[in-house]
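If you read the sequence from its start, that first residue is 1, and numbering goes on from there. Only a predicted model underlies this, so the values are computations on that prediction, with no experimental measurement involved.
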Amino acid sequence: MDLTGITSTASTSAAIAQADTSETVISSDFETFLKMLTVQMENQDPLDPTDSADYAMQLATFSGVEQQVLTNDLITSLASQLNTSGLSQMADWVGKDARAAMPAYFSGTPITVAPNVAATADAAQLVVYDATGTEVSRNDIALSSDTVEWAGTTATGTPLASGLYSFAVVSSSNGVVISEQGAEVYASVREVRRENGQLNLLMDGDVSVYASDVSALRE
């Protein structure tokens, strides 16, 4: 079932309803303002009547407030529609594999790691840490590796338990470590959310990552 159209329609209807409500409130406030102005004119001191310029100023002030309210409502409405549009456009990310520097959930299926070896390195190792930060695996990798498949085992081949694991690449030159950087991994996108004004992806294992941090997407 395609929910995009429903979401868009619901958002538009909400925006229209909000605008109608604001206009109704402003109209009611304007009528109240006119009644108060009329009472003020009727009860002014005939020997010292209010200057017509004062009435004009009051009307101008109310008009300015009215326009500001309408402008604010319009901005809110547009922001709401843009937010919904962003979510709709990213709906097709769900079910795909996104690549980012994040922990990955291992459940028996090999995890694809994209190492970032230092340009001046002559050797590199893929280091894996469990959820407690304990190193559980360290293996040599080729300098030209585009991606590496981590099978979920220790360096000796012992299978590891299901859970979250983090990855880093240690680059060396002439036997000296020159850098250790977090490695990007591929993980399946389960959900797209908007949180604190940003689009977040919820991955396997309840890992959350900003959509802006994703560097690649694949089927």
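We find the CG-CZ distance between Leu199 and Arg193 to be 12.5 Å, quoted to the nearest 0.5 Å. Here CG of Leu160 is found 8.5 Å from CG of Asp130. Values are rounded to the nearest 0.5 Å. How far OH of Tyr129 is from CZ of Phe167: 11.5 Å, rounded to the nearest 0.5 Å. Here the OG1-OH distance, from Thr112 to Tyr186, works out to 7.5 Å after rounding to the nearest 0.5 Å. Atom CG in Leu164 sits 10.0 Å away from atom CG in Asp204 (nearest 0.5 Å).
Minimum heavy-atom separation, Ser137 to Ala155: OG-N, 4.0 Å. The shortest heavy-atom contact between Glu191 and Val94 is CA-CG2, 4.3 Å. Residue Pro115 comes nearest to Val113 through the heavy atom pair CD-O, 3.2 Å, listed as atom of the first residue, atom of the second, then distance. In plain terms, the two heavy atoms of Glu180 and Ala168 that are nearest each other are OE2-CB, 3.8 Å. Closest approach of Ser107 to Ser162, counting heavy atoms only: CA-OG, 3.6 Å. When every heavy atom of Val209 is checked against every heavy atom of Ala100, the shortest pair comes out as CG2-CB, 4.0 Å.
For the pair Asp213/Met102, no side-chain contact is recorded, criterion being any heavy-atom separation below 4.5 Å from C-beta on. Side-chain contact between Tyr165 and Val185 is absent, with no heavy-atom pair separated by less than 4.5 Å. Counting heavy atoms from C-beta outward, Val207 and Tyr105 have side chains that stay 4.5 Å or more apart. Side-chain atoms of Val189 and Met203, non-hydrogen and from C-beta on, do get closer than 4.5 Å to each other.
Of the possible polar contacts, none joining the Asp97 side chain to the Arg218 backbone as a donor-acceptor pair under 3.5 Å is found.
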* To do: Apply side-chain contact (heavy atoms from CB on, under 4.5 Å) to the pair Leu201 and Val192, showing each step before the final yes or no.
  => CA-CA 5 Å; Leu201 307 180; Val192 180; 3.8 Å; yes
* Would Val169 and Gln181 count as a side-chain contact (heavy atoms from CB on, under 4.5 Å) if you check the C-alpha gap in whole Å, the side-chain angles of each, and the deciding distance to 0.1 Å? -> CA-CA 5 Å; Val169 173; Gln181 298 183 3; 5.7 Å; no
* Give the C-alpha distance, both sets of side-chain angles, the deciding distance and a yes or no for side-chain contact (heavy atoms from CB on, under 4.5 Å) between Asn116 and Glu184. => CA-CA 8 Å; Asn116 50 345; Glu184 294 185 333; over 6 Å; no
* **Lys96 and Glu219: CA distance, side-chain angles, deciding distance, side-chain contact (heavy atoms from CB on, under 4.5 Å) verdict** => CA-CA 5 Å; Lys96 294 183 178 179; Glu219 296 290 344; 3.2 Å; yes
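In the hydrophobic clustering of this structure, Leu126 does not group with Val177; members are Ile, Leu, Val, Met, Phe, Trp, Tyr whose side-chain heavy atoms approach within less than 4.5 Å, directly or through other members. A continuous path of ILVMFWY side-chain contacts below 4.5 Å connects Val128 to Ile111, so both sit in one hydrophobic cluster. At a threshold of 4.5 Å between side-chain heavy atoms, the hydrophobic network of Ile, Leu, Val, Met, Phe, Trp and Tyr places Ile178 and Leu143 in two separate groups.
With sequence neighbours left out, the ring-ring contact (aromatic ring centres under 6.0 Å, His included) criterion links Phe106 to Trp150. Partners of Asn200 according to the side chain to side chain contact (heavy atoms under 4.5 Å, CB included) rule, which considers only residues two or more places apart in sequence or in another chain, are Glu195, Gln198, Ser208, Tyr210.
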